[in-house]
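Computed over heavy atoms, backbone and side chain alike; hydrogens, waters and symmetry mates excluded. Per chain, numbering begins at 1; letters A, B, ... match sequence-line order.
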Protein chains: 2
Amino acid sequence: MTTPKRRVPVMADVAREAGVSHQTVSRVLNDHPNVRPDTRARVEAAISRLGYRRNLAARALVTKRSRTLGVVSFDTTLYGPASTIYGIEQAARTAGYFVSIVSLKSIDTASVGDAIDYLAEQGVDGVVVVAPQRSAGRALENLPAGMPAVAVEGTHSTDVSVVCIDQAEGARLATRHLLELGHETVWHVAGPQDWLETEGRIEGWRSALEEAGRPVPEPLAGDWSPRAGDEAGKSLAGMDGVTAVFAANDQMALGVLRALSEKGVRVPEQMSVVGFDDIPESEFFSPPLTTVRQDFDVVGRHCIEVLLRQIEAGPAAFERLVVRPSFVVRASTAPVR
Amino acid sequence: MTTPKRRVPVMADVAREAGVSHQTVSRVLNDHPNVRPDTRARVEAAISRLGYRRNLAARALVTKRSRTLGVVSFDTTLYGPASTIYGIEQAARTAGYFVSIVSLKSIDTASVGDAIDYLAEQGVDGVVVVAPQRSAGRALENLPAGMPAVAVEGTHSTDVSVVCIDQAEGARLATRHLLELGHETVWHVAGPQDWLETEGRIEGWRSALEEAGRPVPEPLAGDWSPRAGDEAGKSLAGMDGVTAVFAANDQMALGVLRALSEKGVRVPEQMSVVGFDDIPESEFFSPPLTTVRQDFDVVGRHCIEVLLRQIEAGPAAFERLVVRPSFVVRASTAPVR
DNA sequence: CTGTTAGCGCCTTCAT
DNA sequence: ATGAAGGCGCTAACAG
């Protein structure tokens with residue numbers, strides 16, 4: 001087993017192989033204009049012959065750019081974050097950037113701050129923080145100096161760029177739909193406290209109710225899980241005069257559906273249910289769920305656009321990009337009897 | 001706006017601040033034994049006073065280690081991959097490694113190969129490939145020389161380490177459960193071709209049927225989506241003598257449930273349904289789904305263990321680590337009438 | 001258009 | 001226990 005001990009080829013090897021200086025190799029690699037076509041061809045041939053790959057660490061050392069973007073996220077197992085990160089990764093790679101991810105399990109200000117520090121040490125050129133909690137947003141106030149950053153669903157802070165979906169608008173869409181169907185009012189199963197989405201959806205739901213002059217019931221507290229929806233559904237089933245429910249996400253709507261079916265409440269005949277997110281499963285719930293669609297992919301792509309603008313064009317004014325949700329009517333809603 | 005133009009501090013700045021050489025600073029940072037406690041303290045004070053962070057690019061340049069692991073995955077939006085990656089990321093970070101992710105949208109051998117090359121250029125110390133398709137596995141045969149790698153759900157190849165869940169065992173658990181309930185045979189809604197999981201689950205289902213001496217129906221083709229399950233469910237509902245269905249994942253089981261409910265077939269009274277994965281939603285399907293649980297987290301952690309062993313201890317023999325699935329009985333299965 | 005000369009910030013080796 | 005010298009592989013200036 002005598003391995004030939006072949007070194008990984010470096011630029012100088014390519015230069016020798018092509019009969020040029022290593023500088024010319026560098027120029028070819030970086031698409032510099034001033035290289036004669038045949039020289040370029042010779043270099044490229046040498047590169048592929050040797051299987052040369054440039055050493056990005058060395059490159060980063062001198063350019064002070066790692067071409068790596070950091071992503072900090074909470075629970076990448078949830079559909080929303082997962083889809084957003086997917087969009088981010090696609091867009092980043094298309095732009096020639098690597099993506100380094102940190103998934104947090106708890107979401108206090110300190111963890112987010114630590115994660116950002118960790119990424120900063122790695123030398124990321126910028127970070128996107130997908131942590132739509134109030135406490136997480138606060139961590140963005142102590143960014144390492146000069147670190148480009150963008151928050152997904154961030155607060156209305158002015159020291160950092162934000163890309164978000166108009167949560168209140170989505171909730172309004174859902175609530176108005178129910179009202180137009182003739183329901184007297186709409187109950188709401190809310191997300192966990194501290195989440196900005198929770199607040200936005202409550203606000204939109206409440207405002208739609210108020211603008212129609214309807215009573216605003218106390219929202220039921222949830223935590224995004226189907227179980228929470230199930231519990232809320234059970235309470236709702238036991239109450240009089242409830243005909244329409246707007247759950248703050250599809251998973252909780254699933255739980256509501258389950259509780260209602262168990263209690264013998266028929267959807268949509270006796271009760272209309274709306275969700276939020278449009279996860280791939282919701283079209284196949286029983287019945288198929290009417291819901292608000294968020295285009296997470298677009299959010300991810302916008303994040304990268306905003307971030308790269310900051311990285312490549314320098315720190316301009318902070319942007320705030322709002323994506324509008326759309327509404328998908330399926331079979332879980334119907335006119336009130 | 002005259003910015004003071006403060007450079008990012010480097011090791012030499014810390015050295016000056018602490019009154020030592022930059023060498024000593026390096027020793028402190030790397031936990032070298034030969035540093036007097038008070039010197040160490042002075043250096044540490046200087047580090048925090050200056051907010052110094054070591055430049056990992058420079059470090060990687062000389063150590064030839066980036067402390068970054070690459071992950072190649074297909075559709076990180078699916079529950080399985082997302083959970084696996086979560087486990088990977090947690091374990092990697094705990095071990096002091098960064099994780100750089102590439103999500104593929106198409107999954108041919110070439111894309112996986114490109115992704116690995118891409119990560120290799122970044123200088124990752126190793127890669128884990130979460131791409132459980134036959135075609136993806138093939139890309140692992142052309143790894144850049146000496147690149148430590150581990151495949152999740154890989155083939156039985158001997159040139160790369162593999163961490164996987166025993167798919168056949170899971171399918172056997174599901175099928176036997178149904179058989180013990182008195183069903184004459186069990187129908188199967190399979191995953192897409194080319195996926196190793198699809199094959200393993202078919203194999204387990206078939207073997208359980210054969211060992212019980214039961215007829216083996218033709219599997220119905222699916223693609224993991226609820227829609228495919230819905231279509232399969234419609235066919236099944238129209239056939240005579242079908243009393244038990246094993247869907248290759250929970251999403252398709254959801255579709256089956258939906259189709260059956262639409263066709264007026266009651267679950268579990270008239271038809272028993274089993275899924276695979278135990279996604280968080282399945283407990284709240286109507287009815288709650290009996291399914292095979294895969295512990296993706298554990299898989300992710302094992303991947304990192306195996307990979308780090310390869311990176312840090314050198315290329316030992318290739319390992320194959322098999323995780324056993326478990327079985328969760330809920331309300332979608334019942335004794336045959 | 002191409003080559004030469006200097007580092008980038010850190011770790012390794014060898015001195016002290 | 002600490003310091004000095006050298007170089008990792010690359011890009012940025014400046015020559016020619």
- [ ] Mind listing the closest non-hydrogen atom pair of Y86(A) and L104(B) along with its distance?
- [x] OH-O, 3.9 Å

Open item on the list: To check you understand the geometry: which heavy-atom pair defines the closest contact between R65(A) and I311(A), and what is its length?
Closed with: NH2-O, 3.3 Å

Task: Contact boundaries on DNA chain C for chain B, cut-off under 4.0 Å to non-hydrogen atoms - done: dG9(C) to dT12(C)

Task: Pairing annotation in dot-bracket form, given for DNA chain C with Watson-Crick or G-U pairs under 3.5 Å and | for cross-strand partners - done: ||||||||||||||||

How many angstroms lie between [atom1] in [X] and [atom2] in [Y], if you round to the nearest 0.5 Å?
X       : Y       : atom1 : atom2 : value
D13(B)  : R49(B)  : CG    : CZ    : 12.5 Å
T77(B)  : K105(B) : OG1   : NZ    : 10.5 Å
D297(B) : H302(B) : CG    : NE2   : 11.0 Å
E17(A)  : L50(A)  : CD    : CG    : 5.0 Å

Task: Polar contact flag, side-chain donor to acceptor under 3.5 angstrom, Q122(B)-T68(B) - done: no

Between [N] atom [atom2] and [X] atom [atom1], what is the distance in whole Å?
X      : N       : atom1 : atom2 : answer
Q23(A) : dA12(D) : CD    : P     : 9 Å
N55(B) : dC8(D)  : CG    : P     : 18 Å
R59(B) : dG9(D)  : CZ    : P     : 17 Å
D13(A) : dG9(D)  : CG    : P     : 9 Å

Which atom pairs link the protein and nucleotides 14-16 of chain D when you take only N or O atoms and keep those under 3.5 Å?
none

Open item on the list: Which residues in residues 28-54 of chain A have a heavy atom closer than 4.0 Å to any atom of DNA chain D?
Closed with: N30(A), Y52(A), R54(A)

Task: Residues in contact with DNA chain D, drawn from residues 62-69 of chain B - heavy-atom cutoff 4.0 Å - done: V62(B), K64(B)

Open item on the list: Please determine whether side chain to side chain contact (heavy atoms under 4.5 Å, CB included) holds for the pair V130(A) and F74(A), giving the CA-CA distance in whole Å, both sets of side-chain angles, and the decisive distance to 0.1 Å.
Closed with: CA-CA 7 Å; V130(A) 188; F74(A) 173 67; over 6 Å; no

TODO: Fit a plane to each ring of Y79(B) and F296(B), take the angle between them on a 0 to 90° scale, and name the class: parallel (under 30°), tilted (30 to 60°) or perpendicular (over 60°).
DONE: perpendicular

Task: Heavy-atom check, side chain of V28(B) versus side chain of V25(B), under 4.5 Å - done: no

Open item on the list: Would the distance check show the side chain of E89(B) and the main-chain N or O of S103(A) forming a donor-acceptor pair, the cut-off being under 3.5 Å?
Closed with: yes

- [ ] Show your reasoning for whether side chain to side chain contact (heavy atoms under 4.5 Å, CB included) applies to L29(B) and I47(B).
- [x] CA-CA 10 Å; L29(B) 252 21; I47(B) 287 176; 3.5 Å; yes

Task: R320(B) and C164(B): CA distance, side-chain angles, deciding distance, side chain to side chain contact (heavy atoms under 4.5 Å, CB included) verdict - done: CA-CA 8 Å; R320(B) 183 174 183 83; C164(B) 64; 3.8 Å; yes

Open item on the list: Applying side chain to side chain contact (heavy atoms under 4.5 Å, CB included) to L56(B) and R67(B), what does each step give before you reach the verdict?
Closed with: CA-CA 9 Å; L56(B) 289 204; R67(B) 295 201 77 83; 5.6 Å; no

- [ ] Return each pair, listed once, that meets salt bridge (Lys or Arg N to Asp or Glu O under 4.0 Å) where at least one residue sits in residues 116-136 of chain B; pairs must be two or more places apart or across chains.
- [x] R53(A)-D117(B), R134(B)-E199(B)

Task: 5'-most by nearest nucleotide on DNA chain D - V20(B) or V25(A) - done: V20(B)

